[in-house]
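Working notes, beginning with the structure itself.
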Amino acid sequence: MISIYNTLTRKKEEFKPINPPEVKMYVCGPTVYDYFHIGNARSFIMADMIRKYLEYKGYIVKYVMNLTDVDDKIIKKSIEENTGTDVVSEKYISAFMVDITKLKIKKADVYPKATAHIQDIIDVIQSLVDKGFAYNIDGNVFYNVLKFKDYGKLSGKKLDELEAGARVEVNEEKNNPLDFSLWKKAKEGEPYWESPWGKGRPGWHIECSAMSCKHLGETFDIHAGGSDLIFPHHENEIAQSEAANGKKFVNYWIHFGFLNINNEKMSKSLGNFFTARDILKAYSPEAVRLAFAQTHYAGPLNFSEELLSSAEKGLEKLNNLAEKINEEINNNNTGGVDPSFNFAKFKEGFEAAMNDDFNSPQATAVIFDFIREVNRAAAENENINVNFYLNVKDFLRKTAEGVLGIIDFDAAGTTGSGQLENDLIELLIKLRTDAKKEKNYALSDKIRDELKNIGIVLEDSREKTSFKRARK
RNA sequence: GGCGCUGUAGCCAAGCGGUCUAAGGCGAAGGUCUGCAAAACCUUUAUUCGUCGGUUCGAAUCCGACCGGCGCCUCCA
């Protein structure tokens with residue numbers, strides 16, 4: 001049984017999908033006006049991990065992530081760059097796809113774009129107007145929050161208190177300062193679409209209501225996003241969808257904690273951000289994922305170089321084992337012993353952790369315990385049957401690789417080198433082995449040191465010398 | 001002001017009423033192996049969980065007060 005902390009009820013609840021084994025999940029995606037930063041990456045990675053764990057448990061997840069490709073910031077950027085909004089959004093959509101692929105994030109089933117759903121959006125707005133939840137003032141359509149009695153139920157805000165807080169935007173046209181835009185009248189030079197209220201474009205919140213409904217139905221299982229979306233974005237989505245459809249919108253709301261820099265929220269507006277793209281130049285995607293997995297998704301995570309370098313270091317243990325496993329499976333030793341090993345214990349430990357509101361730090365601890373015991377078994381037995389390594393690989397494939405994404409068996413040991421390069425290194429190893437036999441340690445150490453300088457690490461074992469590339 | 005999150009070893013971070021004299025990662029120290037390294041393994045590294053009270057047979061875990069950090073209430077993952 002999986003339990004999930006539901007922002008709506010502020011409790012951990014048993015997860016019961018509407019239509020098992022199907023799970024419908026919607027995650028708020030990027031506004032494509034720039035490269036996404038490492039804080040955004042945390043949300044995407046944590047959502048990916050949750051999705052993969054549900055799949056691990058046998059659920060069939062329909063996963064939808066929207067791409068907001070029309071909005072003020074995109075328009076601003078297009079003016080700055082003297083180009084079309086579609087040029088801007090296409091550029092950053094492509095970049096987004098490249099970056100999430102690098103981060104080992106599984107593709108969504110659908111990436112709906114706002115601009116491809118204008119008619120669906122207009123239909124929802126029309127329905128809200130017809131039902132009296134929205135009003136048109138000179139081509140601008142607003143949602144009337146006073147009409148929706150549950151307004152504030154997600155964020156725990158009360159309307160009168162919100163009104164009292166004077167930080168709400170001043171707009172003389174609106175009936176109530178808290179009313180929000182469903183349809184924005186086009187200004188000179190802005191992109192627009194025809195609508196019953198004239199030329200304009202959708203407000204931000206309405207696209208998620210329209211597109212989630214279109215792709216997942218009126219009521220679906222999970223909606224996730226960053227904590228900063230709770231209010232007003234998700235609150236408004238609930239108001240729109242539930243008013244339009246007369247049904248509960250979402251059963252489980254999941255929110256990700258912020259990534260901080262020096263204990264301050266990382267954000268574009270504060271300017272204290274690193275793009276995921278830049279981080280990936282210095283660190284492996286597995287290190288990023290491990291660093292994130294070691295903190296619970298809902299809590300804050302203070303980001304630093306040290307966090308990533310210590311994750312990178314911790315990963316070596318996993319990688320060394322992955323390489324060894326691949327090698328052993330390649331050797332295919334059908335003799336030898338099969339150490340008695342309690343795989344079930346680790347499987348249960350991993351699942352117990354993940355079942356408990358996706359406790360990835362605990363799950364990660366189980367993985368590290370597991371690899372230590374595997375290494376111990378390997379150290380205690382000279383000659384091990386390949387079957388053992390097949391079982392080890394199977395477990396890690398499903399958990400550390402398949403769910404957490406902190407290991408990559410296909411890349412382990414095969415760092416994209418050419419055959420000639422490998423042959424040359426083997427030649428040097430042979431020369432060094434000869435030097436060692438002659439006790440010419442000055443030469444053998446020199447070979448090892450020089451290779452290390454160019455990123456090749458030699459490791460002597462009893463039988464032979466192997467090499468690997470240093471991690472970046 | 002309202003709502004919410006948070007304070008656990010040198011650093012990061014689980015645990016949220018008994019199995020905690022508190023996981024896991026990084027770091028540090030010692031050891032096994034090795035010509036030396038590296039890798040791997042073993043041992044050590046918080047009698048204590050922001051502070052002070054309270055509830056309880058029993059609290060890091062519940063309650064209260066206090067101190068500190070952060071966020072949302074405006075676009076933001």
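Below, each value reflects all heavy atoms present in this structure, side chains not excepted, and no hydrogens, waters or symmetry copies. Chain identifiers are assigned alphabetically (A, B, ...) following the order of the sequence lines, protein sequences preceding nucleic acid strands; residue numbering begins at 1 within each chain.
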- request: Determine the interplanar angle of the A:H234 and A:H223 rings, folded into 0 to 90°, and report it as parallel if under 30°, tilted if 30 to 60°, perpendicular if over 60°.
  value: perpendicular
query: Quick one: does A:R448 reach the base of B:A37 with a side-chain donor-acceptor pair under 3.5 Å?
result: yes
- prompt: Is there a stack between A:Y441 and B:G35, judged by ring centres under 5.5 Å and planes under 30°?
  reply: yes
query: Does any N or O donor sit under 3.5 Å from an N or O acceptor when you compare the side chain of A:D445 with the base of B:G35?
result: yes
query: Quick one: is A:R372 getting a side-chain N or O under 4.0 Å of the B:C41 phosphate, OP1 or OP2?
result: no
field: Sugar-phosphate only, base, or nothing, as touched by A:F258 at under 4.0 Å among non-hydrogen atoms
entry: base
query: Across the strands shown, which category fits A:D369 at heavy-atom distances under 4.0 angstrom: base, sugar-phosphate, nothing?
result: sugar-phosphate
- request: Have a look at A:G314 and say if it touches a base, only the backbone sugar-phosphate, or nothing, with a 4.0 Å heavy-atom cut-off.
  value: sugar-phosphate
- prompt: Which part of the nucleic acid, if any, lies within contact of A:N375, taking any heavy atom under 4.0 Å across all strands shown: a base, the sugar-phosphate backbone alone, or nothing?
  reply: sugar-phosphate
query: Do A:K77 and A:Y33 meet the cation-pi criteria used here (NZ or CZ under 6.0 Å from the six-membered ring centre, within 45° of the axis)?
result: no
task: Identify whether any heavy atom of A:L290 sits under 4.0 Å from a base atom; if not, whether one sits that close to sugar-phosphate; answer base, sugar-phosphate or nothing.
output: nothing
- request: Stems involving RNA chain B: give each as a range paired with a range, ordered by first number, where a stem means at least three consecutive Watson-Crick or G-U wobble pairs under 3.5 Å.
  value: B:1-7 with B:67-73, B:10-12 with B:24-26, B:27-32 with B:40-45, B:50-54 with B:62-66
query: Can you check the A:N359 CG to B:A23 P distance for me, whole Å?
result: 15 Å
- prompt: Is the A:H37 ring parallel, tilted or perpendicular to the A:F273 ring (thresholds 30°, 60°)?
  reply: tilted
- request: Could you check how far CG of A:L318 sits from C1' of B:A39, rounded to whole Å?
  value: 14 Å
- request: With P as the reference atom in both, quote the distance from B:U44 to B:A38 in angstrom, rounded to an integer.
  value: 22 Å
- prompt: Counting any heavy atom closer than 4.0 Å, what does A:M266 reach on the DNA or RNA strands: base, sugar-phosphate only, or nothing?
  reply: base
field: Rounded distance (Å) that lies between atom C1' of B:C16 and atom NE2 of A:H296
entry: 13 Å
task: With heavy atoms under 4.0 Å as the rule, sort A:G257 into base, sugar-phosphate or nothing.
output: base
query: For atom C1', what is the distance between B:C16 and B:A22, given to the nearest Å?
result: 12 Å
- prompt: Would you say a side-chain N or O of A:N260 is under 4.0 Å from OP1 or OP2 of B:G71?
  reply: no
message: What I'd like to find out is whether the side chain of A:Y283 reaches to under 4.5 Å of the side chain of A:E305, using heavy atoms alone.
response: yes
- request: Report yes if a side-chain nitrogen or oxygen of A:K439 is closer than 4.0 Å to either non-bridging phosphate oxygen (OP1 or OP2) of B:C36; otherwise report no.
  value: no
- line: Quick note, A:N263 side chain, CB onward, closest among B:A77, B:C70, B:C26 is B:C70
message: Can you measure A:N440 atom CG to B:C36 atom P for me and round it to whole angstrom units?
response: 17 Å
message: Please give the distance between the P atoms of B:G50 and B:C57 as a whole number of Å.
response: 24 Å
task: Considering only atom C1', compute the distance from B:C11 to B:G58 and round it to an integer number of Å.
output: 33 Å
query: So which heavy atom on A:G402 is nearest to which on A:K52, and how close?
result: O-CD, 3.1 Å
query: Does A:N262 or A:G29 map to a spot on RNA chain B nearer the 5' end, using the closest nucleotide for each?
result: A:N262
- prompt: Would you say B:C12 has OP1 or OP2 under 4.0 Å from some side-chain N or O of A:N302?
  reply: no
